[in-house]
Number of protein chains: 2
Amino acid sequence: MYICIKLISMNSFTEENYLKAIYKLLEKESVVTTNAIAEKMNTKAASVTDMLKKLADKKFINYQKYQGVSLTAKGEKIALNIIRKHRLWEMFLVEKLNFKWDEVHDVAEQLEHIDSDKLIAQIDHFLNFPKFDPHGDPIPDANGKFHIQKSQLLSELKKNSACIMTGVVDHSPAFLQYLDQAAIGLGDEIKIKDIVSFDKSLQISVNKKNSLFISNEVAKNILVIIK
Amino acid sequence: MYICIKLISMNSFTEENYLKAIYKLLEKESVVTTNAIAEKMNTKAASVTDMLKKLADKKFINYQKYQGVSLTAKGEKIALNIIRKHRLWEMFLVEKLNFKWDEVHDVAEQLEHIDSDKLIAQIDHFLNFPKFDPHGDPIPDANGKFHIQKSQLLSELKKNSACIMTGVVDHSPAFLQYLDQAAIGLGDEIKIKDIVSFDKSLQISVNKKNSLFISNEVAKNILVIIK
DNA sequence: ATAAAAATTTAGACTAGTCTAAAAAATAAT
DNA sequence: ATTATTTTTTAGACTAGTCTAAATTTTTAT
Ligand SMILES: [Mn+2]
Ligand SMILES: [Mn+2]
Ligand SMILES: [Mn+2]
Ligand SMILES: [Mn+2]
């Protein structure tokens, strides 16, 4: 008979946030710089360097002075778990507590650090194991696996194409509120009626009903899959 | 037209925990000592003194060197809000996520610090505004008001009295698990069939069905109201 | 009333995380 | 191939919260 003691040296919120930031930067670029992390974390490069040393000591990142960083398997696992928790909590807030999709992010930033495997497993179950969050972003499973939707920008489609909205690029409340007001949401069918050559703005129909104009800037922040 | 900016200098988790600890100590004694706080917070008296100075600066407590502390209205409000959140989260975990009453406390210790008025209002609504938590403790409303059940200890009742269980004194998982196993829970009707004069242990019946013996020590940790 | 014991506070040190300013390294421009 | 610019790291300092050890105050016991 064996006794298991939970020694696990919990990671601080700060460490978790750095790992998440690095993960998200790695989604865009293959190498992540000190300055990029500083900007994302709203902190100074000197502070980042200090933290990188600590994360490297703990084997969460690969780091050599001046060479940028990448995540180790261990670090990526932690980052994906934080992202999983963030997105499940966002889904919970929208599905069960009547939050709007523009209201959930800040609360989820706090909830993602709650440390309880049972809690997150039960939330997942309660929500019936959703695969995507309220913004269309994939929710990693307990092993860090997730589905990628190979979507494209609405701004890249040609006249007369039809598509389904699957996500957003800009996650700001301002943009999300604009979409609400324009009655454009995830899962909606969007048809491009016309593209104004002067400014690339689009005339679209949503769910075969309302026809409206959106700017190219807006179209560049809407992710879709072609029907 | 006015612009409102949320300046509110958020209180740290640590400050919140100190205020909650002081509140709970004040429920028992009218004056709270440095050592009592140190014991409850699992810290040293010197650390407590440092924190008391800070809490007094912020006008959360009344504090004079060597004289013990009490809460100001401001401090009590914060403490009650933390307790409200703690108990609502415990209720949520039990009612919606299939947690047992012995599993909720540690998670609620984390969740109670999540800072979102809307979140806690919605959880309250979602649970249909419960008045008591899974352990029978009252849940303060948004203004800090709550119902007190004037209950007594089961160990204080006489032979042949009947009562309803309303709470527990000891909240430890070990005790709660014992009650589960003995099939004694909140709301159950308990009748005292006999009191063994030798050791004050009790023979009781629960919900008119199962008859069993419990020690005086157990009876001293069960809160009831007489039927 | 005085001495002993207990409780509390102060002093000084430590860690995590942050900052500014200065030094060092890498990159870009001539 | 130097020089200039940008990026990154180091050095030193600050805050929140904690600790141990020592000093001080209060309480208890004689
Ligand atoms: Mn988010
Ligand atoms: Mn999201
Ligand atoms: Mn509790
Ligand atoms: Mn409780």
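Lettering follows sequence order; numbering is per chain, from 1.
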Identify which nucleotide among C:dA7, C:dT18, D:dT8 has an atom closest to any side-chain atom of A:Tyr66, counting heavy atoms from C-beta outward.
-> D:dT8
Could you check A:Phe13 against B:Val32 and say which one's nearest nucleotide on DNA chain C is further toward the 5' end?
-> B:Val32
Heavy atoms, side chains only, cut-off 4.5 Å: are A:His125 and A:Phe129 in contact?
-> yes
Given C:dC19, is OP1 or OP2 found less than 4.0 Å from the side-chain N or O atoms of A:Ser47?
-> yes
In terms of side-chain heavy atoms of B:Ala46, which of C:dT18, D:dA21, C:dA21 is nearest?
-> D:dA21
Answer with base, sugar-phosphate or nothing: what part of the nucleic acid does A:Tyr18 contact at a heavy-atom distance below 4.0 Å?
-> sugar-phosphate
Hey, are A:Glu112 and A:Arg87 close enough for a salt bridge, meaning a charged N less than 4.0 Å from a carboxylate O?
-> no
Looking at every strand, decide which applies to B:Thr34 at a 4.0 Å heavy-atom threshold: base, sugar-phosphate, or nothing.
-> sugar-phosphate
Give a yes/no on whether any side-chain N or O of B:Lys44 is located under 4.0 angstrom from OP1 or OP2 of D:dA21.
-> no
So what does B:Thr14 touch, heavy atoms closer than 4.0 Å: a base, only the sugar-phosphate, or nothing?
-> sugar-phosphate
Tell me, do B:Lys20 and B:Ile83 make a side-chain contact under 4.5 Å, heavy atoms counted?
-> yes
Does D:dT25 have OP1 or OP2 sitting under 4.0 Å from an N or O in the side chain of B:Lys65?
-> no
Mind listing the closest non-hydrogen atom pair of B:Ile226 and B:Gln152 along with its distance?
-> CD1-NE2, 3.3 Å
From C:dT18, C:dT8, D:dT8, nucleotide with atom closest to B:Thr33 side chain = C:dT8
Mind calculating the distance between CG (B:Asp50) and P (D:dT20) to the nearest angstrom?
-> 13 Å
Can you check whether B:Asn35 has a side-chain N or O nearer than 4.0 Å to OP1 or OP2 of C:dT8?
-> yes
